[in-house]
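To start, the structure itself, in structure tokens.
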Amino acid sequence: MANEHTVLQFSSSSSSSLSAKVHPLVIFNISDCYVRRPDQAERVIGTLLGSILADGTVDIRNSYAVPHSEFSDQVALDIDYHHNMLISHQKVNPKEVIVGWYSTGLGVTGGSALIHEFYSREVPNPVHLTVDTGFSNGEGTIKAYVSANLSLGDRQLAAQFQEIPLDLRMIEAERVGYDILKTTAVDKIPTDLEGMEATMERLLALIDDVYKYVDNVVEGQIAPDNNIGRFISSTLASVPKLPPAAFDKLVNDSLQDHLLLLYLSSITRTQLGLAEKLNTAAQIL
């Protein structure tokens with residue numbers, strides 16, 4: 001007599017190979033929405049916008065918060081606000097579509113399944129991005145999840161969130177601001193000149209690393225890597241060939257233009273402050 005067994009299985013065909021890439025603008029938007037949240041709100045949630053790249057990577061490029069209320073394991077979303085914001089964003093950039101949703105906090109909560117179910121009706125296989133704005137582990141932990149269905153035979157029982165690879169790579173100009181944002185305490189925001197100085201120090205450190213690698217390869221201390229060699233060659237080929245005098249003039253001209261903009265913006269800010277105080281005094285008199 002043959003025994004029949006009912007198999008408990010996960011139905012997730014694409015989650016194993018799925019990955020996501022998030023731009024720093026999204027992290028800044030989420031952090032700003034968290035700071036401006038209502039006093040009674042413990043977290044903020046919102047919609048992620050972007051596109052699907054040719055290799056299947058979910059490219060997250062923009063986001064907006066969606067008002068909601070939570071009580072126990074129940075969640076209520078302002079769906080009309082969500083759709084109106086989506087229409088407004090797509091008027092500016094029609095190529096950006098819904099790719100998932102985000103929430104602040106460490107990991108997945110009890111109400112996440114309900115919200116994920118709503119976004120599953122908006123887009124197939126949405127990505128759930130979590131941003132730990134409470135710095136529970138000493139830094140802003142960012143993770144991405146997709147949902148996998150748990151079924152018993154032909155009967156679907158529940159959904160389980162599975163973490164997927166998340167790419168947080170960014171250019172150096174973006175990394176300067178992101179490094180400041182993710183620290184637990186900031187004494188002061190650096191000026192533009194201080195930011196430029198930090199970027200140049202990072203660039204010099206990277207150049208030193210390249211020098212050491214090339215010297216070690218030439219001396220036979222480490223095995224050469226063709227991929228790294230091609231990358232270094234293409235990087236050097238992309239650097240414009242300028243004489244030192246022309247390069248110094250280019251940097252100085254750009255710096256002077258930047259300082260002029262800072263001076264004009266400072267004058268404008270002062271004039272606006274004076275106009276506001278004069279207007280207030282006129283109303284009192």
Would you mind reporting whether [Y] and [X] have side-chain heavy atoms less than 4.5 Å apart?
X: V127; Y: Y102; value: no
X: D132; Y: K143; value: no
X: W101; Y: E122; value: no

request  = Identify, with sequence neighbours excluded, every residue that meets ring pair (Phe, Tyr, Trp, His ring centres under 6.0 Å) alongside F118.
outcome  = H82
inquiry  = Under the rule for ring pair (Phe, Tyr, Trp, His ring centres under 6.0 Å), what residues qualify as partners of H89, not counting sequence neighbours?
reply    = Y64
query = Pairs in or reaching into residues 228-237: which pass side-chain hydrogen bond (donor to acceptor under 3.5 Å, both in side chains), with residues at least two apart or in two chains?
reply = N227-R230
Contacts table for residues 242-253: side-chain donor-acceptor under 3.5 angstrom, sequence neighbours left out:
unit_1: K249; atom_1: NZ; unit_2: D253; atom_2: OD2; d: 2.9
unit_1: N252; atom_1: ND2; unit_2: D248; atom_2: O; d: 3.0

Taking only residues two or more places apart in sequence, or in another chain, which ones meet [X] in a side chain to side chain donor-acceptor pair (under 3.5 Å)?
X: D215; result: none
X: N226; result: none
X: E201; result: none

Test of understanding: with side chain to side chain contact (heavy atoms under 4.5 Å, CB included), list the residues that count as partners of [X], not counting sequence neighbours.
X: D32; answer: R36
X: T57; answer: S19, K21, L53, D55
X: T133; answer: Y34, T104, V131
X: P124; answer: none

ask   = Does CD belonging to E42 count more than 12 external heavy atoms closer than 6.0 Å?
value = no
Remaining members of the apolar cluster that contains L236, side-chain heavy atoms under 4.5 Å = V210, Y213, V214, V217, V218, I222, I228, I232
